[in-house]
Amino acid sequence: MSVVAQIKQVAANAINQLYNVALQPQDIAVNATKPEFDGDYTVVLFSFVKQLKKSPDALGNELGSYLVENNPDLFASFNVIKGFLNLVITDAYWLGFVQQQSANKQFGTNAGTGKKVMVEYSSPNTNKPLHLGHLRNNFLGWSTAQILKANGNDIVKTCIVNDRGIHICKSMIAWQLFANGATPASTDTKGDHLVGEYYVKFNNEYKKQVDELIAAGKTKEQAEKEAPIMQATQQMLIDWEAGKPDVIELWKTMNSWVYAGFDETYRTIGSDFDKVYYESNTYLLGKDIVQQGLAKNVFYKKEDGSVWIDLTADGLDEKVVMRKDGTSVYITQDIGLAEQRYNEYRADESIYVIGDEQNYHMKVLKLICQKLQLPSADGIFHLSYGMVELPTGKMKSREGTVVDADELVSEMVNIAQLKTEELGKVKDFTPEELQQLNKTIGLGALKFFLLRVDPKKKMIFNPEESIDFHGFTGPFIQYTHARIKSILRKSEVGVTQPEVGSTLLKLEKDLAIQLEVFPSVIAEAANEHDPSKIAIYVFNLAQTFNSFYTQHSITNAEHEEKKTLRLQLAGLTAQVIKTGMGLLGIEVPERM
RNA sequence: GACUUGGUAGCUCAGCUGGAUAGAGCAACUGCCUUCUAAGCAGUAGGCCAUUGGUUCGAAUCCAAUCCAGGUCACCA
């Protein structure tokens, strides 16, 4: 049990004993003691002063005395200042903690919950390459899954590929018109980028045709509808749905190019899935559920034959769930897919990592599933994340202002390479080792940059300023790890027991306190689906270690027992950094 | 217009289930490499926590209103 949990427990018991008032541990507010006061943890007394009819001072002294007297292993002393009961934890407790956990390779991870959680992330369209926004989505989803796993859940990572629809047809039409049979091989271009080029070409041509039609006297609306390239695209979508062989053939070919490109990108960034769904296989799902919904009177049919649900009683609108021509709309597919996934995996929770522009849609989806009483309904959780914006505003693929994922990754690796060369600390590395190191650092910087902020918040990326390698960054933490490993290579971690009476220096204790909290941080990050909690924690830990490192020598400690303790502290720190960064999908080098 | 999310240092962000004098990083300025990796450490400076009212022992945190910014409100996905 964590120190904080123990304090809450014994404090609640103490109050029961002393005043015969029943309090639950969670009713006790325990904070880290502010640095300017003497103590490690602080119980805030104000909340029960009134209830117990005691002055804060008297209550603090009585409670403090009782706690120290009855828990001599845990508390060394206490002091009371203005309604705050500051508690000093015994050095023996921290020493015991460090010794015990420095041998525990699983430290921080929590026991199995038996819960199965499905995490859907990265749902790319197959008409263009991945961009910075996809990276945030990917890293968030992958990391959240990893954190939930560390917290004892069974995880299924999944992805729905939007491989059909009007957007793909746009690239296909443009390819037919302008490509002269170009292929990734013939142009030496990554497949997703090649297809993306034709998506851009489509939009340029479309704009040109619309402008011409407007110049010829059409209204904007007419022009947009009548532009020949758009009409051809719409016809192609109809042909696709009809299964016209040459269209299907082209569609398969171009998608295969894109998948080869995506696979390469996913491999580089370390993203993977247990199960991939394709929209071309799922877009017809959900129609039978619409029929059931009609039978249950959850849905109703309008005169024109379209099917609706009325959500006005829940503060939302009326939504279409099936068009008058009997084809399904987006949300219908989503209901169908939710149901199919549930039938296949029976997940207790199903997390959708999707941008906040779809907040309303996801709310509607969950509500409809609940009204249909689908077993998957209550487990739906929308992990909504804010858009990544440029200083100039939103990224727009049509305007070419997107930050390309592949380019950004390779730029990060290049910067890492320059820094590594400049510092010249690993001159004995083989070219392969160097390449690996630069990739670890460059990707680490990028992933940390995207994961360190609260997922809910939109974030701004300035391409002019490259992502930093100093301060609150991935490389800073990686560097701390490499430093520790360097020491550990030179000195075996001993198992000598520090003497009972030995005392901890300020920074030794600070480190121990911070390390002790790691399991709670994982639990919190898991409960809140928030990897930034881990990122912030690991950064603070590395910072504390670096302060400790510059002030106290480890290998030349004052005496052998100190050395053992410090090696244990350093070893545990390295391990927690490695585990924590691993939860973010960031590797940590032995040397850098 | 309705609903919704946010506004904290020059910049990027923590802190938000109420607790002591609001924290980091970057940028700026000072110091520290004959001692375990200076991608580091120590320090200086930088704030009316958007505004106004309320709730109470106590508010950046909770409530209300206002201002500003983003998102959504398609038989698009």
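Here is the naming used below: chain letters follow the sequence lines, and residue numbers restart at 1 for every chain.
- With distances taken from any side-chain atom of V329(A) to the nucleotides rA77(B), rG40(B), rA20(B), the minimum falls on rA77(B).
- Checking the phosphate oxygens (OP1, OP2) of rA38(B), a side-chain nitrogen or oxygen of R483(A) falls inside 4.0 Å.
- Note on K302(A): nothing from the nucleic acid sits closer than 4.0 angstrom, heavy atoms only.
- No engagement by S384(A) is indicated, since no non-hydrogen atom pair under 4.0 Å with the nucleic acid exists.
- Distance CG (D163(A)) to P (rA77(B)): 14 Å, rounded to an integer number of Å.
- For the pair K457(A) and rA14(B), the criterion of a side-chain N or O lying under 4.0 Å from OP1 or OP2 is met.
- Proximity note for K394(A) (side chain, C-beta onward) versus rG71(B), rU21(B), rG19(B): the nearest is rG71(B).
- For R591(A), taking side-chain heavy atoms from C-beta onward, the closest of the listed nucleotides rU37(B), rA77(B), rA14(B) is rU37(B).
- Using modelled atom types, one finds a donor on one side chain and an acceptor on the other under 3.5 Å when comparing T327(A) with D325(A).
- Out of rU12(B), rG25(B), rG40(B), the shortest distance to the side chain of I460(A) is found at rU12(B).
- Rounded to whole Å, atom C1' of rU5(B) lies 16 Å from atom OH of Y360(A).
- The NE2-P distance, from H552(A) to rC36(B), rounds to 17 Å in whole Å.
- Closest heavy-atom contact between S547(A) and L507(A): O-CD1, 3.9 Å.
- Between the CZ atom of F429(A) and the P atom of rU37(B) there is a distance of 14 Å, rounded to whole Å.
- If you take atom C1' in rA28(B) and the same atom in rA45(B), they sit 8 Å apart, rounded to whole Å.
- Here the side chain of Y549(A) is nearest to one of rA77(B), rC36(B), rC75(B), namely rC36(B).
- Side-chain atoms of Q543(A) lie closest to rG25(B) of the nucleotides rG25(B), rU21(B), rG40(B).
- Residue K456(A) places no side-chain N or O under 4.0 Å from the OP1 or OP2 atom of rG70(B).
- Residue E279(A) is in sugar-phosphate contact alone, with no base atom involved, counting any heavy-atom pair closer than 4.0 Å across all strands shown.
- Stacking of F46(A) onto the six-membered ring of rG58(B) is not present when judged by under 5.5 angstrom between centres and under 30° between planes.
- In this structure, F472(A) forms no aromatic stack with the base of rA24(B), since the conditions of centre separation below 5.5 Å and plane angle below 30° are not both met.
- The cationic group of R452(A) does not satisfy the cation-pi geometry with F539(A), failing either the under 6.0 Å distance to the six-membered ring centre or the 45° limit from the ring axis.
- Listed pair K34(A) / rA20(B) meets the phosphate criterion, a side-chain N or O lying under 4.0 Å from OP1 or OP2.
- The side chain of T550(A) approaches rG40(B) more closely than any other nucleotide in the set rU37(B), rG40(B), rA20(B).
- Among the atoms of the strands shown, none is found under 4.0 Å from any heavy atom of N359(A).
- Within the 4.0 angstrom heavy-atom criterion, base atoms lie near Q358(A).
- Residue-level contact check: S306(A) touches the bases, meaning some heavy atom is under 4.0 Å from a base atom.
- Residue-level contact check: I536(A) touches the backbone only, with heavy atoms under 4.0 Å from sugar-phosphate atoms and none from bases.
- Rounded to the nearest Å, the gap between the C1' atom of rC29(B) and that of rA69(B) is 34 Å.
- For rU37(B), the OP1/OP2 oxygens have a side-chain nitrogen or oxygen of S486(A) closer than 4.0 Å.
- When base pairs are accepted only as Watson-Crick or G-U wobble with both N-N or N-O distances under 3.5 Å, RNA chain B takes part in stems of 3 or more pairs at B:1-7 with B:67-73, B:10-13 with B:23-26, B:28-32 with B:40-44, B:50-54 with B:62-66.
- Which of rA69(B), rA14(B), rC76(B) sits closest to the side chain of K458(A) comes down to rA69(B).
- Between H470(A) and rG40(B) there is a side-chain polar atom (N or O) within less than 4.0 angstrom of OP1 or OP2.
- Rounded to whole Å, the distance from CG on D317(A) to P on rC75(B) is 10 Å.
- Once the 5.5 Å centre distance and the 30° plane angle are applied, the aromatic ring of F84(A) is found not to be stacked with the base of rG19(B).
- Between T473(A) and the phosphate of rG25(B), there is no side-chain N or O to OP1/OP2 separation shorter than 4.0 Å.
- With rounding to whole Å, N86(A) atom CG is found 12 Å from rG19(B) atom C1'.
- Looking at heavy-atom distances under 4.0 Å, T327(A) makes no contact with the nucleic acid at all.
- For F476(A), counting side-chain heavy atoms from C-beta on, the closest listed nucleotide (rC41(B), rU21(B), rC75(B)) is rC41(B).
- Between the CG atom of D454(A) and the P atom of rU12(B) there is a distance of 16 Å, given to the nearest Å.
- The base of rC75(B) is not paired with the side chain of D325(A) by any donor and acceptor separated by under 3.5 Å.
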